[in-house]
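Report on one structure; see the data block that follows.
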There are 2 protein chains.
Amino acid sequence: MNRSSRMILIEKLVTENVVASQEQLLRLMEGAGMKCTQATLSRDLRLLGISRGFDRAGNMRYLTQSKRDADAIVMPGREQDAILSMLWARGLLMIKTHPGYAAAVASRIDRSGRFEVAGTVAGDDTILLIPRDDVSTIAVSDCLETIFPGLMERILR
Amino acid sequence: MNRSSRMILIEKLVTENVVASQEQLLRLMEGAGMKCTQATLSRDLRLLGISRGFDRAGNMRYLTQSKRDADAIVMPGREQDAILSMLWARGLLMIKTHPGYAAAVASRIDRSGRFEVAGTVAGDDTILLIPRDDVSTIAVSDCLETIFPGLMERILR
DNA sequence: TTAAAAAATGTATAATTTTGCACCACGAAT
DNA sequence: ATTCGTGGTGCAAAATTATACATTTTTTAA
(Lines give C-alpha, C1' and ligand atoms only; values in the text may rest on other atoms or scores of the structure.)
Protein backbone atom coordinates (compact mmCIF):
# COMPACT_ATOMS: atom_id res chain seq x y z
CA MET A 1 0.00 0.00 0.00
CA ASN A 2 1.77 3.09 -1.22
CA ARG A 3 1.00 6.76 -0.97
CA SER A 4 -0.63 7.21 -4.35
CA SER A 5 -3.11 4.39 -3.94
CA ARG A 6 -3.88 5.66 -0.47
CA MET A 7 -4.53 9.12 -1.82
CA ILE A 8 -6.88 7.75 -4.43
CA LEU A 9 -8.85 6.07 -1.68
CA ILE A 10 -8.87 9.23 0.41
CA GLU A 11 -10.29 11.25 -2.44
CA LYS A 12 -12.96 8.64 -3.02
CA LEU A 13 -13.97 8.39 0.62
CA VAL A 14 -14.09 12.14 1.04
CA THR A 15 -16.27 12.66 -2.00
CA GLU A 16 -18.61 9.78 -1.27
CA ASN A 17 -19.04 10.42 2.44
CA VAL A 18 -19.60 13.36 4.70
CA VAL A 19 -16.29 13.36 6.50
CA ALA A 20 -16.00 15.81 9.35
CA SER A 21 -12.64 14.90 10.82
CA GLN A 22 -9.43 13.11 10.07
CA GLU A 23 -10.19 10.62 12.83
CA GLN A 24 -13.40 9.71 11.07
CA LEU A 25 -11.61 9.38 7.76
CA LEU A 26 -9.08 7.15 9.48
CA ARG A 27 -11.84 4.79 10.50
CA LEU A 28 -13.30 4.78 6.99
CA MET A 29 -9.89 3.92 5.63
CA GLU A 30 -9.50 1.07 8.05
CA GLY A 31 -12.90 -0.17 6.95
CA ALA A 32 -11.55 -0.15 3.41
CA GLY A 33 -8.49 -2.10 4.49
CA MET A 34 -6.01 0.74 4.30
CA LYS A 35 -4.29 1.70 7.52
CA CYS A 36 -2.18 4.72 8.42
CA THR A 37 -1.96 7.41 11.09
CA GLN A 38 -3.72 10.72 11.43
CA ALA A 39 -0.46 12.51 10.75
CA THR A 40 -0.14 10.84 7.40
CA LEU A 41 -3.70 11.74 6.61
CA SER A 42 -3.00 15.35 7.41
CA ARG A 43 -0.10 15.32 4.98
CA ASP A 44 -2.00 13.52 2.25
CA LEU A 45 -4.93 15.89 2.50
CA ARG A 46 -2.62 18.82 1.99
CA LEU A 47 -1.14 17.14 -1.09
CA LEU A 48 -4.61 16.46 -2.42
CA GLY A 49 -5.71 20.00 -1.67
CA ILE A 50 -8.61 18.62 0.33
CA SER A 51 -9.50 20.83 3.24
CA ARG A 52 -12.17 21.27 5.86
CA GLY A 53 -14.92 23.65 4.93
CA PHE A 54 -18.61 24.18 5.55
CA ASP A 55 -21.59 22.93 3.60
CA ARG A 56 -24.67 25.06 3.03
CA ALA A 57 -26.03 24.25 6.44
CA GLY A 58 -22.80 25.38 8.02
CA ASN A 59 -21.75 21.89 9.00
CA MET A 60 -18.13 21.01 8.77
CA ARG A 61 -16.92 18.51 6.23
CA TYR A 62 -13.91 17.86 4.09
CA LEU A 63 -14.18 19.18 0.55
CA THR A 64 -12.12 18.45 -2.51
CA GLN A 65 -11.01 21.18 -4.83
CA SER A 66 -11.69 20.75 -8.52
CA LYS A 67 -9.82 17.84 -10.01
CA ARG A 68 -7.56 20.14 -11.95
CA ASP A 69 -6.45 22.00 -8.88
CA ALA A 70 -5.85 18.74 -7.09
CA ASP A 71 -3.67 17.58 -9.95
CA ALA A 72 -1.82 20.81 -9.62
CA ILE A 73 -0.53 19.81 -6.24
CA VAL A 74 -0.08 16.07 -6.38
CA MET A 75 3.14 14.47 -7.54
CA PRO A 76 3.36 11.00 -6.15
CA GLY A 77 6.40 8.80 -6.49
CA ARG A 78 9.44 9.25 -8.66
CA GLU A 79 10.40 12.27 -10.68
CA GLN A 80 9.70 10.63 -13.99
CA ASP A 81 6.13 10.01 -12.93
CA ALA A 82 5.72 13.76 -13.15
CA ILE A 83 6.07 13.61 -16.91
CA LEU A 84 2.70 13.77 -18.58
CA SER A 85 3.46 14.02 -22.27
CA MET A 86 6.04 14.96 -24.86
CA LEU A 87 5.82 16.59 -28.25
CA TRP A 88 8.34 17.46 -30.91
CA ALA A 89 7.96 20.88 -32.50
CA ARG A 90 10.36 23.09 -34.40
CA GLY A 91 13.20 20.70 -33.68
CA LEU A 92 12.62 21.08 -29.96
CA LEU A 93 11.05 18.71 -27.47
CA MET A 94 8.24 20.06 -25.30
CA ILE A 95 7.81 18.03 -22.16
CA LYS A 96 4.68 18.61 -20.08
CA THR A 97 4.79 17.74 -16.40
CA HIS A 98 2.52 17.95 -13.41
CA PRO A 99 2.33 21.62 -12.41
CA GLY A 100 5.31 22.75 -10.41
CA TYR A 101 7.54 19.83 -11.28
CA ALA A 102 9.19 20.99 -14.48
CA ALA A 103 12.25 22.26 -12.65
CA ALA A 104 12.81 18.98 -10.82
CA VAL A 105 12.55 16.89 -13.96
CA ALA A 106 14.67 19.30 -16.02
CA SER A 107 17.31 19.24 -13.33
CA ARG A 108 17.38 15.48 -13.57
CA ILE A 109 17.90 15.68 -17.31
CA ASP A 110 20.63 18.29 -16.96
CA ARG A 111 22.47 16.28 -14.36
CA SER A 112 22.52 13.24 -16.62
CA GLY A 113 25.13 15.09 -18.65
CA ARG A 114 23.99 13.45 -21.88
CA PHE A 115 25.68 14.68 -25.00
CA GLU A 116 22.47 14.66 -27.03
CA VAL A 117 20.96 17.41 -24.87
CA ALA A 118 22.30 20.90 -25.41
CA GLY A 119 20.20 22.14 -22.53
CA THR A 120 16.76 22.60 -21.03
CA VAL A 121 14.55 25.49 -20.00
CA ALA A 122 11.90 24.81 -17.40
CA GLY A 123 8.76 26.75 -16.56
CA ASP A 124 6.19 25.57 -14.08
CA ASP A 125 4.77 22.58 -15.91
CA THR A 126 6.66 22.68 -19.19
CA ILE A 127 10.21 21.87 -20.15
CA LEU A 128 11.76 22.90 -23.41
CA LEU A 129 14.53 20.49 -24.29
CA ILE A 130 17.01 21.76 -26.88
CA PRO A 131 18.90 18.93 -28.63
CA ARG A 132 22.34 19.49 -30.04
CA ASP A 133 22.66 20.11 -33.75
CA ASP A 134 22.37 17.02 -35.89
CA VAL A 135 21.03 14.81 -33.12
CA SER A 136 17.96 12.85 -34.22
CA THR A 137 14.67 12.73 -32.37
CA ILE A 138 15.19 9.01 -31.96
CA ALA A 139 18.54 9.59 -30.28
CA VAL A 140 16.97 12.03 -27.85
CA SER A 141 14.14 9.63 -27.08
CA ASP A 142 16.62 6.84 -26.38
CA CYS A 143 18.51 9.20 -24.20
CA LEU A 144 15.43 10.04 -22.14
CA GLU A 145 14.54 6.37 -21.87
CA THR A 146 17.96 5.81 -20.37
CA ILE A 147 17.44 8.57 -17.85
CA PHE A 148 13.86 7.54 -17.07
CA PRO A 149 13.54 3.78 -17.57
CA GLY A 150 10.07 2.82 -18.72
CA LEU A 151 9.17 6.35 -19.68
CA MET A 152 8.47 5.77 -23.36
CA GLU A 153 6.20 2.85 -22.75
CA ARG A 154 4.24 4.81 -20.21
CA ILE A 155 3.93 7.96 -22.32
CA LEU A 156 3.11 6.21 -25.56
CA ARG A 157 0.74 3.98 -23.66
CA MET B 1 -19.06 47.32 17.00
CA ASN B 2 -21.57 44.66 16.09
CA ARG B 3 -21.29 41.31 14.49
CA SER B 4 -22.21 42.29 10.96
CA SER B 5 -19.68 45.08 10.65
CA ARG B 6 -17.10 42.76 12.12
CA MET B 7 -17.92 40.12 9.54
CA ILE B 8 -17.55 42.61 6.73
CA LEU B 9 -14.10 43.45 8.01
CA ILE B 10 -13.20 39.79 8.33
CA GLU B 11 -14.14 39.09 4.75
CA LYS B 12 -12.13 42.07 3.59
CA LEU B 13 -9.05 41.15 5.58
CA VAL B 14 -9.16 37.53 4.47
CA THR B 15 -9.43 38.37 0.78
CA GLU B 16 -6.80 41.08 0.83
CA ASN B 17 -4.25 39.26 2.95
CA VAL B 18 -2.80 35.81 3.17
CA VAL B 19 -4.23 34.76 6.50
CA ALA B 20 -3.01 31.44 7.82
CA SER B 21 -4.57 31.33 11.28
CA GLN B 22 -7.29 32.87 13.38
CA GLU B 23 -4.65 34.30 15.70
CA GLN B 24 -3.15 36.15 12.80
CA LEU B 25 -6.54 37.40 11.70
CA LEU B 26 -7.14 38.54 15.25
CA ARG B 27 -4.06 40.74 15.08
CA LEU B 28 -5.12 42.16 11.73
CA MET B 29 -8.50 43.00 13.21
CA GLU B 30 -6.88 44.75 16.13
CA GLY B 31 -4.80 46.71 13.68
CA ALA B 32 -8.04 47.78 12.06
CA GLY B 33 -9.47 48.80 15.41
CA MET B 34 -11.86 45.91 15.83
CA LYS B 35 -11.35 43.69 18.84
CA CYS B 36 -12.78 40.30 19.73
CA THR B 37 -11.62 36.84 20.77
CA GLN B 38 -10.42 33.96 18.67
CA ALA B 39 -13.56 32.00 19.61
CA THR B 40 -15.74 34.68 18.10
CA LEU B 41 -13.66 34.61 14.98
CA SER B 42 -14.17 30.89 14.70
CA ARG B 43 -17.93 31.43 14.85
CA ASP B 44 -17.91 34.31 12.39
CA LEU B 45 -15.83 32.40 9.89
CA ARG B 46 -18.34 29.58 9.94
CA LEU B 47 -21.17 32.03 9.29
CA LEU B 48 -19.22 33.55 6.44
CA GLY B 49 -18.37 30.17 5.01
CA ILE B 50 -14.71 31.09 5.11
CA SER B 51 -12.47 28.15 5.87
CA ARG B 52 -8.88 27.12 5.86
CA GLY B 53 -7.62 25.61 2.65
CA PHE B 54 -4.47 25.36 0.61
CA ASP B 55 -3.14 27.50 -2.19
CA ARG B 56 -1.28 26.05 -5.16
CA ALA B 57 1.94 25.82 -3.26
CA GLY B 58 0.19 23.85 -0.53
CA ASN B 59 0.41 26.65 1.99
CA MET B 60 -2.46 27.10 4.35
CA ARG B 61 -4.62 30.15 4.10
CA TYR B 62 -8.18 31.15 4.73
CA LEU B 63 -10.32 31.19 1.62
CA THR B 64 -13.79 32.50 0.94
CA GLN B 65 -16.32 30.15 -0.56
CA SER B 66 -15.93 31.55 -4.08
CA LYS B 67 -12.19 31.43 -3.92
CA ARG B 68 -11.88 27.96 -2.50
CA ASP B 69 -12.41 26.22 -5.81
CA ALA B 70 -10.83 28.89 -7.90
CA ASP B 71 -7.28 30.06 -7.89
CA ALA B 72 -6.07 31.21 -4.53
CA ILE B 73 -4.00 33.82 -6.25
CA VAL B 74 -5.68 36.92 -7.57
CA MET B 75 -4.79 38.30 -10.97
CA PRO B 76 -5.68 41.99 -11.14
CA GLY B 77 -7.39 43.03 -14.36
CA ARG B 78 -7.54 40.89 -17.45
CA GLU B 79 -4.61 38.63 -18.14
CA GLN B 80 -4.12 39.91 -21.65
CA ASP B 81 -3.51 43.38 -20.30
CA ALA B 82 -0.24 42.04 -18.99
CA ILE B 83 1.03 41.43 -22.52
CA LEU B 84 3.37 44.20 -23.66
CA SER B 85 4.78 42.99 -26.98
CA MET B 86 5.41 40.01 -29.20
CA LEU B 87 8.16 39.10 -31.60
CA TRP B 88 8.75 36.19 -33.96
CA ALA B 89 12.19 34.65 -34.04
CA ARG B 90 13.45 31.30 -35.28
CA GLY B 91 9.92 30.10 -35.78
CA LEU B 92 9.14 30.80 -32.15
CA LEU B 93 7.10 33.60 -30.60
CA MET B 94 8.60 35.64 -27.78
CA ILE B 95 5.96 37.34 -25.69
CA LYS B 96 6.94 40.07 -23.23
CA THR B 97 4.68 40.79 -20.27
CA HIS B 98 4.63 43.04 -17.25
CA PRO B 99 7.08 41.71 -14.67
CA GLY B 100 5.72 38.70 -12.84
CA TYR B 101 2.83 38.01 -15.19
CA ALA B 102 4.42 35.64 -17.66
CA ALA B 103 3.30 32.53 -15.80
CA ALA B 104 -0.31 33.68 -15.57
CA VAL B 105 -0.54 34.55 -19.25
CA ALA B 106 1.24 31.37 -20.32
CA SER B 107 -1.10 29.35 -18.15
CA ARG B 108 -4.03 30.97 -19.90
CA ILE B 109 -2.59 30.02 -23.28
CA ASP B 110 -1.93 26.46 -22.16
CA ARG B 111 -5.41 26.05 -20.77
CA SER B 112 -6.95 27.16 -24.03
CA GLY B 113 -5.86 23.81 -25.40
CA ARG B 114 -5.33 25.23 -28.88
CA PHE B 115 -3.84 22.83 -31.37
CA GLU B 116 -1.60 25.47 -32.92
CA VAL B 117 0.45 25.75 -29.73
CA ALA B 118 2.83 22.92 -28.93
CA GLY B 119 3.62 24.52 -25.61
CA THR B 120 4.96 27.50 -23.71
CA VAL B 121 7.76 28.14 -21.30
CA ALA B 122 7.43 31.12 -19.05
CA GLY B 123 10.00 33.08 -17.10
CA ASP B 124 9.15 36.15 -15.08
CA ASP B 125 8.28 38.57 -17.85
CA THR B 126 8.91 36.55 -20.98
CA ILE B 127 7.07 33.69 -22.59
CA LEU B 128 8.47 31.48 -25.29
CA LEU B 129 5.62 30.07 -27.36
CA ILE B 130 6.49 27.07 -29.50
CA PRO B 131 4.02 26.53 -32.35
CA ARG B 132 3.48 23.08 -33.76
CA ASP B 133 5.33 22.19 -36.91
CA ASP B 134 3.78 23.54 -40.10
CA VAL B 135 1.58 26.06 -38.29
CA SER B 136 1.89 29.55 -39.76
CA THR B 137 2.57 32.72 -37.81
CA ILE B 138 -0.80 34.00 -38.98
CA ALA B 139 -2.52 30.95 -37.56
CA VAL B 140 -0.84 31.48 -34.21
CA SER B 141 -1.76 35.15 -34.20
CA ASP B 142 -5.38 34.32 -34.92
CA CYS B 143 -5.25 31.79 -32.17
CA LEU B 144 -3.98 34.33 -29.66
CA GLU B 145 -6.59 36.82 -30.80
CA THR B 146 -9.22 34.21 -30.02
CA ILE B 147 -7.82 33.63 -26.55
CA PHE B 148 -7.28 37.34 -25.89
CA PRO B 149 -9.89 39.32 -27.85
CA GLY B 150 -8.59 42.70 -28.91
CA LEU B 151 -5.00 41.76 -28.26
CA MET B 152 -3.66 42.27 -31.78
CA GLU B 153 -5.13 45.69 -32.17
CA ARG B 154 -3.69 46.76 -28.88
CA ILE B 155 -0.23 45.34 -29.54
CA LEU B 156 0.12 46.51 -33.12
CA ARG B 157 -1.73 49.75 -32.48
C1' DT C 1 25.97 -3.93 -6.22
C1' DT C 2 26.56 -0.52 -2.54
C1' DA C 3 26.70 3.90 -0.50
C1' DA C 4 24.41 8.26 -0.30
C1' DA C 5 20.40 10.99 -0.76
C1' DA C 6 15.68 11.78 -0.71
C1' DA C 7 11.04 10.58 0.44
C1' DA C 8 7.63 8.55 3.41
C1' DT C 9 5.87 7.41 7.85
C1' DG C 10 4.90 6.91 12.90
C1' DT C 11 5.26 8.97 17.46
C1' DA C 12 4.77 12.44 20.41
C1' DT C 13 3.74 17.00 20.95
C1' DA C 14 2.72 21.65 19.61
C1' DA C 15 -0.46 24.61 17.37
C1' DT C 16 -4.95 25.69 16.17
C1' DT C 17 -9.87 25.46 16.10
C1' DT C 18 -14.29 24.29 18.06
C1' DT C 19 -17.58 24.17 21.69
C1' DG C 20 -20.02 23.89 26.44
C1' DC C 21 -21.28 26.96 29.71
C1' DA C 22 -22.13 31.17 32.08
C1' DC C 23 -23.25 35.67 31.54
C1' DC C 24 -24.73 39.99 29.38
C1' DA C 25 -27.52 43.05 26.41
C1' DC C 26 -31.63 44.09 24.25
C1' DG C 27 -36.47 43.87 22.84
C1' DA C 28 -41.23 41.98 23.45
C1' DA C 29 -44.85 40.66 26.26
C1' DT C 30 -47.00 40.80 30.60
C1' DA D 1 -41.03 47.86 35.74
C1' DT D 2 -40.39 42.91 35.54
C1' DT D 3 -39.88 38.77 33.18
C1' DC D 4 -38.85 35.97 29.43
C1' DG D 5 -36.58 34.80 25.26
C1' DT D 6 -33.02 35.42 21.81
C1' DG D 7 -28.59 36.22 20.30
C1' DG D 8 -23.88 37.31 21.06
C1' DT D 9 -19.53 36.92 23.68
C1' DG D 10 -15.61 35.52 26.57
C1' DC D 11 -13.40 31.94 29.00
C1' DA D 12 -11.43 27.68 29.30
C1' DA D 13 -11.47 22.98 28.14
C1' DA D 14 -12.04 19.61 24.55
C1' DA D 15 -11.33 18.32 19.97
C1' DT D 16 -8.82 18.46 15.98
C1' DT D 17 -4.98 19.28 13.00
C1' DA D 18 -0.09 20.26 11.95
C1' DT D 19 4.70 19.36 12.59
C1' DA D 20 9.56 18.32 14.67
C1' DC D 21 12.13 14.50 15.12
C1' DA D 22 13.65 9.77 14.56
C1' DT D 23 13.34 5.83 11.73
C1' DT D 24 12.38 3.13 7.76
C1' DT D 25 11.83 2.71 2.89
C1' DT D 26 12.70 4.00 -1.72
C1' DT D 27 15.34 6.17 -5.25
C1' DT D 28 19.61 7.92 -7.21
C1' DA D 29 24.48 7.96 -8.12
C1' DA D 30 28.87 5.70 -8.35
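Protein chains get the first letters and strands the later ones, always in sequence-line order, with residue 1 at the start of each.
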Under the side-chain hydrogen bond (donor to acceptor under 3.5 Å, both in side chains) rule, collect the residues that match up with [X], sequence neighbours excluded.
| X | result |
| --- | --- |
| B/Thr40 | B/Thr37 |
| A/Arg90 | none |
| B/Arg114 | B/Glu116 |

Distance check needed: [N] [atom2] versus [X] [atom1], whole Å only.
| X | N | atom1 | atom2 | answer |
| --- | --- | --- | --- | --- |
| B/Ile10 | C/dT17 | CD1 | P | 13 Å |
| A/Leu26 | C/dG10 | CG | C1' | 12 Å |
| A/Asp44 | C/dT9 | CG | P | 7 Å |
| A/Gln24 | C/dT18 | CD | P | 16 Å |

Practice prompt. Compute the bend angle of the helix from C/dT1-D/dA30 to C/dT30-D/dA1 from the end axes (five pairs per end), rounded to 10°.
Written response: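 Axis-to-axis angle, ends of the helix: 30°.
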
Worksheet item: Judged by atom type as modelled, is there a donor-acceptor pair below 3.5 Å linking the side chain of A/Arg46 to the main-chain atoms of B/Phe54?
Response: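 Absent.
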
Discussion item. If we ignore hydrogens and angles and just use 3.5 Å, is the side chain of B/Arg132 paired with the main-chain N or O of B/Phe115 as donor and acceptor?
Written reply: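 Looks like yes, one N/O pair under 3.5 Å.
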
Polar atoms only, N or O, under 3.5 Å: list the protein pairs with nucleotides 24-26 of chain C and their distances.
none

Item to complete: Output every pair passing salt bridge (Lys or Arg N to Asp or Glu O under 4.0 Å) with a member in residues 133-143 of chain A, not counting sequence neighbours, ordered by first then second residue.
Response: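 Of all non-adjacent pairs touching residues 133-143 of chain A, none passes salt bridge (Lys or Arg N to Asp or Glu O under 4.0 Å).
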
Listed partners of [X] passing side-chain contact (heavy atoms from CB on, under 4.5 Å), at least two apart:
| X | value |
| --- | --- |
| A/Ser42 | A/Gln22, A/Gln38 |
| A/Glu30 | A/Lys35 |
| A/Thr120 | A/Ala106, A/Ile109, A/Asp110, A/Val117, A/Ile127, A/Leu129 |
| B/Val18 | B/Arg61 |

Which atoms of nucleotides 6-8 of chain D (N or O only) lie under 3.5 Å from a protein N or O atom, and what are those distances?
from	atom 1	to	atom 2	distance (Å)
D/dG8	OP2	B/Arg3	NH1	3.3

Worksheet item: Do B/Ile50 and B/Val19 belong to the same hydrophobic cluster, where Ile, Leu, Val, Met, Phe, Trp and Tyr are linked whenever their side-chain heavy atoms lie under 4.5 Å apart, directly or via other members?
Response: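 Linked within one cluster.
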
Worksheet item: Same hydrophobic cluster for B/Ile130 and B/Val135, using side-chain heavy-atom links shorter than 4.5 Å among ILVMFWY?
Response: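 Different clusters: B/Ile130 never reaches B/Val135 through Ile, Leu, Val, Met, Phe, Trp or Tyr contacts under 4.5 Å.
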
Worksheet entry | nucleotides 14-19 of chain D: protein proximity per nucleotide (B base, S sugar-phosphate only, - neither; heavy atom, under 4.0 Å) | --SBBB

Practice prompt. Evaluate the side-chain proximity of A/Leu63 to A/Ser51: yes if any heavy-atom separation is below 4.5 Å, no if none is.
Written response: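 No, side chains not in contact.
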
